[in-house]
Every structure is written in structure tokens, then in C-alpha cells.
Amino acid sequence: PIFSIMEDLRAKFEANKQGHLFTFYDKLSESEKSTLLEDLSSIDVAALPTMLANSLELEKAGGGDFQPLKSLGSVINTDKATVDAWYKKGLEAIGSGKVAVILMAGGQGTRLGSSNPKGMYDIGMPSHSSLFRMQAERLRRLQVIAAAAAGAPSVTIPWYIMTSPMTYHPTKAYFEAESFFGLSPAQVTFFNQGTLPAMSEDGAIFLETPSSVVRAPDGNGGIYKALEVEGVLADMAKRGISSIHTYCVDNALVKLGDPTFVGYCLEQGADCGSKVIPKAYPQEAVGCCCLKNGAVSVVEYSELPKEKTELRGDSGELLFSAANIANHYYSLSFLQRMATEFPAHVAFHIARKKIAHIDLQSEKGEKVTPTAPNGIKLEGFIFDVFPLAEKMAVLEAPRAAEFAPVKNAPGSPTDSPDTARAMLSAEYEAWIIQAGGMLTGEGLVEISPLLSYSGEGLEALVAGKTFTRPLHLKKEEEAA
């Protein structure tokens, strides 16, 4: 049978100009032959030429007709009663078991000086909680709020965690070692994003070893296919999920499962939604949510012409100001459709890289380590599907309460553990003052996510009291 499989695969790969992947086949051991055949079997080799051609076409095209968003909801500029109604609608959906959360956690903390998954990183708050712990405890608190609103004994929000092949095992092991941070193991599902083979400029797949190809993660846009392949969509349907909130692990302020955002998207009848924040200044290096050729899209900062970024309205506000923060809403039916339509109707983005590979001319399959970019990796971006949405909703939220990215090394002036710490502490201080408390002294302030999700329920604890910084407010049962 293995010979038959090999012959069929070889014929298919040769027909698509990838026969070179069998260069060392006859010299491989039986187990190595099986490894190679298994690896090649997972590649849709017939689709690669079209995928590459579409991607090169996208790269060449560039530009487009860019216009500001026509319709933008805003937590910042909307009356409290309306925002409260969105919140209530979202909370009802959560309370009735219809909302799930997807966490994109495929990255390692390399730039932070750690080889662990980024979610395991401790940004240095008084609790020394990792990003994973903060988010798990916010989810627990949201479940308590939703259960109280629904008059139910408990509410469960399924949490799907997308890892990469590099972070899957350490992430799973970390959650198990930490007893899932008090969540039920049954509500947490780990799944892997996909990979795509790396290629030369003319589309020839590189060999990593004589028995395996060079692969790279297919970008966060790979989520759509991965949700289907890994059985997540089927699991969501089985659980009765209809709305999904998706976010990225490195936002220390993220409101996962945000009822206001979910409620707004439901109110709009949206099948896809994006939460954005106002740009800090015109040239800020962030993707911008705007109209591209008439469709809601995220345009990279390098793609938007300078004169567009500086356009202002009658009141002096930036017209292209909706900064993308990888914070999205989907209906289940939209995700099911995207599993088929992405990447069929969406081109991948090309990243030119230095790709180490096996020298096909060498007798023993020696490795070549290039000193300049020699090949391409294809990446899908999660927002590439926005133009395919029938009804797209965009909600603007305040930066200070929503976005504290942890991307750069400690000590960096922006998007670092230091800046995230300062933003978290400032947000917690605001909650205490809003609830009638006062603060004195210097240092960080932290409020356990198990006490409050977004500032609610603190009055009985803090009203009329003065607290000295540094401060860590937590539930009595939490360990010291």
C-alpha cells in the first residue's frame, strides 16, 4: 500500500511541478518515507499555483479607492441608555448560552525575552498573573454576572484557544498545571492554526529535511479553515452557539466576551464585526478600518496614502481614525461560510524571508542557510474576510479601557509590559474613584478580575474609603 500511495502522490506532485520533493525518497528509511508521504498528503498541491498567483496579483495591485467609514457605532459618543441597552442584549445572549470566545494564542514571547507562549507572560502586576490567568479570571467573572442577570445557577462560556504547532503543547500543559484557572476543563478547547509550505519565488516548495517540507504558520487568517478542520465549528453548533467574540492574547486590557460589543453587533444584525479604537495621531502605525473599493476593510498603515491619514472633518476629527486591534465578532453561520470561502475568494499576503532549506544538488541533503531573502511565506490576515460580510458592524471603544498591547521588550517606550502595566493600573484607579473610593501614595493598583469585570460591583468594597498604593484588591478566598 505504501508504494501505491507514493506513486499516486508522486504523480500528483510532478503534475504540479513539485516532483523535486521526492529527490531523496529512495535513500530514506521506511519510517522517513512514511513521514514524507504523510507530510505531502496534507498539502493541497493542486491549489498552490492559483493561491500563489492570486497572492502575487494582490501584492502587485496595491492601492485602491479609500474612503472613511460611513457607519460607525461608538461607545465614546453614544448616550448611556443606548450603550446600556447594547450591554443588556449581549449579556442576555451570554446568559442563554449562545456566546463563545476564541483566543488567538499562537505567538511565543520571543520579543519579550521568553521562549514560552506569550499568554504565559507575567507583565509585572502585583498579583504576578500571566496574561492567560487574567483573561481566564475575567471570563469567570463574566459568567457570574451573566448568571445573575439570567437568574440562572450558572452560565458557561466556551473558550476556544487557537495555538500554533510551537505553542500547543506548552499552552495545554500550563492550563492543566494551573487547574484551568478555576474554569471547567470541559469548556476550554485547544486547537491548532494551520501551516502552509514555504516556497521559492517561482513556487517550488522547499525541503526542511529530506523527509519533510519547510512550513510556516498560515497567519491569523488561517483561523477560518482551522475552525473547520479541527472540529471547532461542529462543536459550537452542537453547543448551540450563535455569536463568537475573537481576540488576541497580547492585549492586557481585553474584555473577552464583551457584552456591549456582542450586543451592538446583534442589534445591527451583523454577521461580522470589528471593535476599533481612535488613532492616537494621524501617522500611528496601526491598521485602519475604512472603506476600500466600497467594502469595509482593514488597510495597513503603509498602504493608506499620507494625505488620507491626515484628512479631518468639520469638527477637526480624523476621518481615517478607526484603528484595528484584532478584536472581532462573528455569527456562527458566517464562520461556517468562511471555512469554505477563505482562501478560495481571498488572496494571501506575501512575506519575503530568508528560508533555510535542503540543497537538492547535495548528495546527503545538506542545509543551505541564505544571507538574503530567497523565498516566500504566505499569510492570511483575519480581517481579509471583512469584504465578504453581508452586514459588517464597527464599534469604536475608548483606548484607555480597551487596548494595552504587550508586544515589545521590557523598557520599550510603546506596547511593552511597562506601558501595559501603567494602563491597567490607571484603569483600576479609575474604577475605584468611580465607585467612591480614594487613593494616596505611589505605586501600582490592581483589582482582581474575580472582583470586577469592568468596574461593576465595587461600591460596597471601596465607597468612602481611602486606599494606599501599591494596592491589590482581591477576593478573600484568593491566595495571598
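Sequence positions, counted from 1, serve as the residue numbers for this chain.
- Ring-plane geometry between Phe180 and Phe190 is classed as tilted, the angle between the planes lying from 30 to 60 degrees on a 0 to 90 degree scale.
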Legend entry - Residue pair Asp418, Arg421: steps toward the salt bridge (Lys or Arg N to Asp or Glu O under 4.0 Å) verdict: CA-CA 5 Å; Asp418 314 82; Arg421 261 197 320 275; 3.0 Å; yes
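- To the nearest 0.5 Å, atom OG of residue Ser331 and atom CD1 of residue Ile244 are 7.0 Å apart.
- Listed for the Lys225 side chain is a donor-acceptor partner under 3.5 Å among the backbone atoms of Ala339.
- Crowding of Lys308 atom NZ: a count of heavy atoms from other residues, nucleotides or ligands under 6.0 Å exceeding 12.
- Residues Thr167 and Lys118 have side chains not in contact (no heavy-atom distance under 4.5 Å, counting atoms from C-beta outward).
- Here His349 pairs with Asp384 under the side chain to side chain donor-acceptor pair (under 3.5 Å) rule; sequence neighbours left out.
- Inter-residue side-chain proximity for Asp258 and Asn327 is flagged as unmet; no heavy-atom pair is nearer than 4.5 Å.
- Glu303 places no side-chain N or O within 3.5 Å of a backbone atom of Val299 that could act as its donor or acceptor partner.
- Taking the charged nitrogens against the carboxylate oxygens, Glu208 and Arg215 have no contact shorter than 4.0 Å, which rules out a salt bridge.
- Of the possible donor and acceptor atoms, one in the side chain of Gln18 sits under 3.5 Å from a partner among the backbone N and O of Gly203.
- Counting heavy atoms from C-beta outward, Pro449 and Arg140 have side chains that stay 4.5 Å or more apart.
- Taking the centre of each ring, His328 and Phe383 stay at or above the 6.0 Å mark.
- The side-chain heavy atoms of Ile157 and Leu256, taken from C-beta on, include no pair separated by under 4.5 Å.
- Under a cut-off of 6.0 angstrom, the local environment of CD in Glu38 is sparse, with at most 12 non-hydrogen atoms contributed by other residues, nucleotides or ligands.
- A donor-acceptor contact shorter than 3.5 Å links the side chain of Glu317 to the backbone of Ser315.
- In this structure, the side chain of Glu446 engages the main chain of Ser127 through a donor-acceptor pair within 3.5 Å.
- For Phe206, the ring-ring contact (aromatic ring centres under 6.0 Å, His included) test picks out His357, with sequence neighbours left out.
- Between the side chains of Thr156 and Gln187, no donor N or O sits under 3.5 Å from an acceptor N or O.
- If you look at Phe181 and Phe132, their ring centroids are not closer than 6.0 Å.
- Looking at Ile123 and Leu424, their side chains come closer than 4.5 Å, going by heavy atoms from C-beta outward.
- Within 6.0 Å of NZ in Lys17 there are 12 or fewer heavy atoms belonging to other residues, nucleotides or ligands.
- When the ring-ring contact (aromatic ring centres under 6.0 Å, His included) test is applied to Phe66, no partner is found at least two apart in sequence or on another chain.
- Two residues are said to be in side-chain contact when any heavy atoms from C-beta on lie closer than 4.5 Å; Phe261 and Lys255 fail this criterion.
- Counting heavy atoms from C-beta outward, Ile382 and Met104 have side chains that approach closer than 4.5 Å.
- Interatomic distance, CG of Asn251 versus CG of Leu103, reported as 11.0 Å (0.5 Å rounding).
- For Tyr264 and Tyr329, the gap between ring centers reaches or exceeds 6.0 Å.
- With Arg337 contributing its side chain and Leu388 its backbone, the two residues share a donor-acceptor pair below 3.5 Å.
- In the displayed structure, His20 atom NE2 is contacted under 6.0 Å by more than 12 heavy atoms of other residues, nucleotides or ligands.
- Remark: Asp84 does not engage Lys88 in a salt bridge, criterion side-chain N to carboxylate O under 4.0 Å.
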Legend entry - Residue pair Glu92, Lys98: steps toward the salt bridge (Lys or Arg N to Asp or Glu O under 4.0 Å) verdict: CA-CA 9 Å; Glu92 283 172 358; Lys98 293 179 180 173; over 6 Å; no
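- Between Tyr330 and Phe334, the ring-plane angle classifies as parallel under the 30° and 60° cut-offs.
- Residues Gln336 and Glu228 form no side-chain contact, since every pair of their non-hydrogen atoms from C-beta on lies 4.5 Å or further apart.
- For the atom pair NZ (Lys275) and SG (Cys289), the distance works out to 14.0 Å, reported to the nearest 0.5 Å.
- Between Lys353 and Glu379 there is no salt bridge, since none of the side-chain N atoms of the basic residue sits less than 4.0 Å from a carboxylate O of the acidic one.
- Donor-acceptor pairing under 3.5 Å is lacking for the side chains of Thr195 and Asp218.
- Interatomic distance, CZ of Phe320 versus NZ of Lys279, reported as 9.0 Å (0.5 Å rounding).
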